[in-house]
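Below is one structure; the comments refer to it alone.
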Number of protein chains: 2
Amino acid sequence: MTIMHLSESTEMYLKAMAELGGQDVIATARLAERLNVTPVSVSEMVRRLGEQGLVSHTPYKGVHLTKKGREVACNVLRRQRLWECFLYDHLKIDWSQVYEFACSLEHATAPEVTEALAGFLGNPQTCPRGNPIPAADGSFKPLDAMPLSEAKLGQTAQVLAVNATATDVLKYLQEKNILPGREVTVIEVAPMQGPLTLHVGGKDVALGLSMAEFVLVKKIKN
Amino acid sequence: MTIMHLSESTEMYLKAMAELGGQDVIATARLAERLNVTPVSVSEMVRRLGEQGLVSHTPYKGVHLTKKGREVACNVLRRQRLWECFLYDHLKIDWSQVYEFACSLEHATAPEVTEALAGFLGNPQTCPRGNPIPAADGSFKPLDAMPLSEAKLGQTAQVLAVNATATDVLKYLQEKNILPGREVTVIEVAPMQGPLTLHVGGKDVALGLSMAEFVLVKKIKN
DNA sequence: AAAAATGTTATGGCTGACCTTATTATTCCA
DNA sequence: TGGAATAATAAGGTCAGCCATAACATTTTT
């Protein structure tokens with residue numbers, strides 16, 4: 001693997017794609033949203049990433065990670081999630097803030113430090129948000145889960161992971177107790193892309209569909 | 001204290017000044033050396049830092065930290081050195097590499113993380129290189145030490161701290177056993193800014209004067 | 001099939017932190 | 001005191017990563 005210096009920005013683009021795409025093709029607009037930049041900026045950056053062989057872009061159809069890009073992205077995710085573990089388990093940083101702090105650290109982490117950290121933490125398999133941590137060799141088994149947004153009325157499911165990254169979103173989910181391990185039941189599905197109403201931890205909670213997309217669950221009943 | 005985003009570069013300049021100046025006036029050329037940039041770039045940056053009230057510059061006389069600049073610098077040093085402790089004590093990173101890895105992390109560390117880390121580490125007072133760690137409020141008692149470069153022939157002294165930052169320099173000092181806690185005896189002082197010859201750990205070691213400036217010692221005999 | 005929405009490209013601009021080269025100012029020292 | 005060394009300033013350039021605006025292409029919806 002060629003050694004090259006990837007900028008923080010590059011890492012953020014690749015990570016975003018891994019987080020919200022995995023293998024699939026991703027709309028450039030989704031990237032713009034998640035990264036908080038304009039679509040024009042995404043287009044520019046996607047071209048640069050394409051030139052570096054990290055992504056492959058079919059105009060008007062979306063963009064996806066190449067093998068090389070996915071390797072880099074998994075590496076970034078590994079660092080990110082290991083730091084999340086450290087910040088949460090050892091530094092007792094608030095759950096909703098862990099992602100953003102880990103994100104900064106991630107970009108500044110040399111491979112030696114990453115592996116030493118993994119050892120220190122005991123090679124954890126998931127981060128505090130429930131997402132799997134890719135192995136040092138880049139291998140990565142995605143969760144067998146579905147987005148809560150696809151759950152049917154009456155369904156009870158267990159939250160496996162939260163794939164959101166924005167601190168305010170994480171804070172909201174934390175307050176509403178929509179956290180890994182919890183069980184939620186869908187008690188209402190409003191029409192017209194309206195919110196889901198969930199029963200969780202003895203309370204009813206309304207959750208917008210777009211937020212529900214980032215809550216990954218496993219059916220456990222019905 | 002006004003909240004503002006200081007760039008990584010700004011932090012590096014201020015840290016460099018704190019490391020090699022403390023209170024004193026520093027020649028812009030020394031900054032250029034340590035930061036590995038041209039004197040012209042230092043001039044530019046010093047102007048910018050001056051405009052932000054972080055340093056005060058008297059042309060041809062040098063530059064020094066303002067109160068505000070020193071506060072920021074101490075904060076940076078605190079983060080830097082706390083990470084050094086973590087990397088060395090917990091991740092078992094090689095002594096000579098700890099500085100550079102900590103340096104990257106430092107710029108990416110939020111105040112909450114800094115303080116949580118300090119707590120986790122048990123509020124250490126010195127970093128693995130022997131330098132004192134400024135307190136959270138910015139207070140900072142410098143070492144009562146002299147540079148080894150000023151030691152006289154025949155002098156025996158104990159190394160208190162190593163103020164070098166370049167990994168190759170640290171590696172050299174590590175190999176030669178010039179480390180905090182060690183005792184060194186000056187057995188020769190070559191003329192014309194020539195090297196010192198030291199006796200340390202049963203061996204004789206030659207040390208250039210400029211490197212010796214970054215080894216801080218306390219006289220213990222003669 | 002036309003209109004609306006979405007995605008892409010082109011152009012030009014900005015910022016921070018560097019760089020080089022050349023000129024000018026100051027300080028130091030013999 | 002005059003030349004050498006050092007420091008500062010000026011002018012112009014680069015690069016990444018963003019921005020806005022506008023034109024154009026494609027896809028989706030009606």
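Below, chain A is the first sequence line, B the second, and so on; all start at residue 1. Keep in mind that what you see is a predicted model, and the values were worked out from it rather than measured. Heavy-atom basis, side chains included; hydrogens, waters and symmetry copies ignored.
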Could you note down all residue pairs passing salt bridge (Lys or Arg N to Asp or Glu O under 4.0 Å) where residues 38-59 of chain A supplies at least one of them, sequence neighbours left out? A:E44-A:R48, A:R47-A:E51
Can you run down the salt bridge (Lys or Arg N to Asp or Glu O under 4.0 Å) pairs that involve residues 138-149 of chain A, sequence neighbours left out, and say none if there aren't any? none
Can you tell me if B:S139 uses its side chain to pair, donor with acceptor, with the backbone of B:A135 under 3.5 Å? no
Contact residues, residues 101-110 of chain B to DNA chain C [heavy atom, < 4.0 Å]: none
Report, one pair per line, the protein and nucleotides 14-17 of chain C atoms (nitrogen or oxygen only) whose separation is under 3.5 Å.
from: C:dA17; atom 1: OP1; to: B:S7; atom 2: OG; distance (Å): 2.2

Return the set of residues passing side chain to side chain donor-acceptor pair (under 3.5 Å) with [X] (not counting sequence neighbours), or none when no residue passes.
{"X": "B:T10", "answer": "B:S7"}
{"X": "B:T58", "answer": "none"}
{"X": "A:T126", "answer": "none"}

By salt bridge (Lys or Arg N to Asp or Glu O under 4.0 Å), which residues pair with B:E115, not counting sequence neighbours? B:R78
Would you indicate whether the side-chain heavy atoms of A:T109 and A:L82 approach each other to under 4.5 Å? no
Could you pull out the closest heavy-atom pair between B:V159 and B:V217, with the gap in Å? CA-CG1, 4.0 Å
Got a list of protein N/O to nucleotides 1-4 of chain D N/O distances below 3.5 Å?
none

Output the rounded distance in Å from [atom1] ([X]) to [atom2] ([N]).
{"X": "B:N36", "N": "C:dC18", "atom1": "CG", "atom2": "P", "answer": "11 Å"}
{"X": "A:E33", "N": "C:dG7", "atom1": "CD", "atom2": "P", "answer": "10 Å"}
{"X": "A:Q52", "N": "D:dA16", "atom1": "CD", "atom2": "C1'", "answer": "11 Å"}

Write down the protein N/O and nucleotide N/O pairs, taken from nucleotides 6-8 of chain D, whose separation is under 3.5 Å; answer none if there are no such pairs.
from: D:dA8; atom 1: OP1; to: B:H57; atom 2: NE2; distance (Å): 2.6
from: D:dA8; atom 1: OP1; to: B:Y60; atom 2: N; distance (Å): 3.1
from: D:dA8; atom 1: OP2; to: B:T28; atom 2: OG1; distance (Å): 2.7

Can you name the ring pair (Phe, Tyr, Trp, His ring centres under 6.0 Å) partners of B:F120, sequence neighbours left out? A:F86, A:H90, B:H90
What I want to find out is whether A:E71 reaches A:K67 closely enough, with some N-O distance under 4.0 Å, to be called a salt bridge. yes
Decide whether A:E100 and A:T167 meet the rule of one side-chain donor and one side-chain acceptor closer than 3.5 Å. yes
Review item, side-chain donor-acceptor pairs of residues 11-22 of chain B, under 3.5 Å, at least two apart:
from: B:E11; atom 1: OE1; to: B:R79; atom 2: NH2; distance (Å): 3.1
from: B:E11; atom 1: OE1; to: B:H107; atom 2: ND1; distance (Å): 2.8
from: B:E11; atom 1: OE2; to: B:R79; atom 2: NH2; distance (Å): 2.8
from: B:K15; atom 1: NZ; to: B:Q80; atom 2: OE1; distance (Å): 2.7
from: B:K15; atom 1: NZ; to: B:Y99; atom 2: OH; distance (Å): 3.4
from: B:K15; atom 1: NZ; to: B:E106; atom 2: OE1; distance (Å): 3.3
from: B:E19; atom 1: OE1; to: B:R34; atom 2: NH1; distance (Å): 2.6
from: B:E19; atom 1: OE2; to: B:Y99; atom 2: OH; distance (Å): 2.8

